J.: 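Can you keep this structure in mind? I'll have questions shortly.
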Protein chains: 2
Amino acid sequence: MNLMERLKEVLKQKDYKLTTQRKIIFDVFSEHGEKHLSPEEIYEIVKTSHPEIGLATVYRTLQIFDEIGMIKKMNFNDGCSRYELTDENESEHHSHLICTQCSKVIELEDEELESINEILEKEKKYNIKEYNIKFFGVCKDCTK
Amino acid sequence: MNLMERLKEVLKQKDYKLTTQRKIIFDVFSEHGEKHLSPEEIYEIVKTSHPEIGLATVYRTLQIFDEIGMIKKMNFNDGCSRYELTDENESEHHSHLICTQCSKVIELEDEELESINEILEKEKKYNIKEYNIKFFGVCKDCTK
DNA sequence: TTAATTGCAAATGGTTTGCAATATT
DNA sequence: AATATTGCAAACCATTTGCAATTAA
């Protein structure tokens with residue numbers, strides 16, 4: 001099942017309507033899957049093809065997408081929230097490297113995260129459902 | 001060396017003055033060491049004994065304390081930033097459990113974090129200086 | 001004495017909300 | 001047709017800033 005169909009299904013399931021605006025905003029995520037977009041950035045992208053869409057709609061839509069689990073809200077301490085498309089497979093585990101020099105955000109690869117599962121095992125007594133790990137350091141580009 | 005002396009020293013080292021207000025605000029951390037306080041909460045505490053202190057001073061002071069490394073700014077997605085006294089020993093590594101039901105924040109114990117070091121080893125190629133891990137789940141109280 | 005710091009009030013900027021018009025089911 | 005959603009503008013709220021008065025060094 002592709003992403004848009006999944007969106008359609010999950011929206012219906014929660015009694016939300018599939019509006020033109022929601023489709024357009026969701027498309028931005030499909031086309032910028034790798035990035036962590038802020039509401040303002042999404043608004044700017046959407047405006048180029050659909051100038052009539054309001055910023056408030058973007059915010060409300062992001063809230064709903066987050067609530068139904070299609071995207072994930074995150075905070076990189078840069079003054080705004082950022083959103084990333086949820087990965088169907090390992091949906092609730094997030095791990096990023098944030099470069100303290102250029103502020104670039106790098107997604108860590110699966111293989112690099114194996115040991116996290118060990119920690120989760122250890123922490124089972126807390127009923128952990130999700131984790132969010134940020135490593136702060138200097139990325140390869142800035143190290144040069 | 002006690003905390004206040006350390007503050008005094010680090011402030012001087014960075015050419016900041018040790019003002020009455022800074023002492024008062026720092027005392028709040030000594031007295032509420034275990035909590036993650038927001039600027040507003042600190043302001044409320046401080047006001048009871050020193051009503052003349054302004055909220056802006058609290059914000060500016062927290063910024064400086066964070067900059068000089070005496071406290072650490074963190075974000076629990078509850079609409080404000082929160083600060084915690086820096087631990088001299090393992091200063092740059094933070095790990096919390098956030099209860100998704102009661103929003104309580106629990107600091108994880110050292111022993112529970114051993115495996116994090118393994119990850120850090122693995123990630124050395126990124127020049128990692130600091131990490132910040134949040135586990136989301138249900139705490140013991142809420143599990144009952 | 002002099003530059004940093006403070007308190008206050010006003011400004012800022014990301015996010016939310018009220019409401020009448022519009023679109024989805 | 002009934003209800004949710006939209007766009008707009010105004011409101012909100014955490015945080016920042018300008019400035020004249022105060023204080024630490």
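Chain A is the first sequence line, chain B the second, and so forth, proteins listed ahead of strands; every chain is numbered from 1. The model shown is predicted, which means the values in this text are computed figures rather than measured ones.
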J.: Apply ring-ring contact (aromatic ring centres under 6.0 Å, His included) to residues A/His36 and A/Tyr83 and explain how you reach the verdict.
T.: CA-CA 5 Å; A/His36 306 90; A/Tyr83 295 85; over 10 Å; no
J.: Between the protein and nucleotides 2-4 of chain C, are there any N/O to N/O pairs under 3.5 Å, and if so, what are the atom names and distances?
T.:
residue	atom	partner	partner atom	Å
C/dA4	O4'	B/Lys17	NZ	3.2

J.: Name the pairs: protein N/O against N/O of nucleotides 20-22 of chain D, kept only if under 3.5 Å.
T.:
none

J.: Please determine which of B/Lys35, B/Lys47, B/Arg82 meets the salt bridge (Lys or Arg N to Asp or Glu O under 4.0 Å) test together with B/Glu41.
T.: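 Among the candidates, only B/Arg82 passes.
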J.: Does A/Ser81 make a side-chain N or O approach to OP1 or OP2 of C/dG14 shorter than 4.0 Å?
T.: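 For C/dG14, OP1/OP2 do not have a side-chain N/O of A/Ser81 under 4.0 Å.
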J.: So, does A/Gln21 get its side chain near the phosphate of C/dA23, meaning an N or O under 4.0 Å from OP1 or OP2?
T.: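 For C/dA23, OP1/OP2 do not have a side-chain N/O of A/Gln21 under 4.0 Å.
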J.: For A/Glu67 and A/Tyr16, which I'm curious about, is there any donor-acceptor pair between the side chains at under 3.5 Å?
T.: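 Indeed, the side chains of A/Glu67 and A/Tyr16 share at least one donor-acceptor pair under 3.5 Å.
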J.: Mark yes or no for whether B/Ser81, through its side chain, and B/Lys73, through its backbone, hold a donor-acceptor pair below 3.5 Å.
T.: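 It does not hold such a pair.
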J.: Nearest whole Å is fine: how far is D/dT16 C1' from B/Tyr43 OH?
T.: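 The distance from OH of B/Tyr43 to C1' of D/dT16 comes to 15 Å, rounded to the nearest Å.
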J.: So what does A/Thr20 touch, heavy atoms closer than 4.0 Å: a base, only the sugar-phosphate, or nothing?
T.: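 The residue A/Thr20 makes sugar-phosphate contact but no base contact.
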J.: Taking OP1 and OP2 of D/dT6, is either one under 4.0 Å from a side-chain nitrogen or oxygen of A/Thr19?
T.: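 So the side-chain polar atoms of A/Thr19 do come within 4.0 Å of the phosphate oxygens OP1 or OP2 of D/dT6, strictly under.
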J.: With the threshold set at under 4.0 Å for non-hydrogen atoms, list the residues of residues 51-64 of chain B touching DNA chain C in residue-number order.
T.: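 Under 4.0 Å from DNA chain C: B/Glu52, B/Ile53, B/Gly54, B/Ala56, B/Thr57, B/Arg60.
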J.: Would the distance check show the side chain of A/Thr61 and the main-chain N or O of A/Thr57 forming a donor-acceptor pair, the cut-off being under 3.5 Å?
T.: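 Indeed, once roles are kept as given, a pair shorter than 3.5 Å links the two residues.
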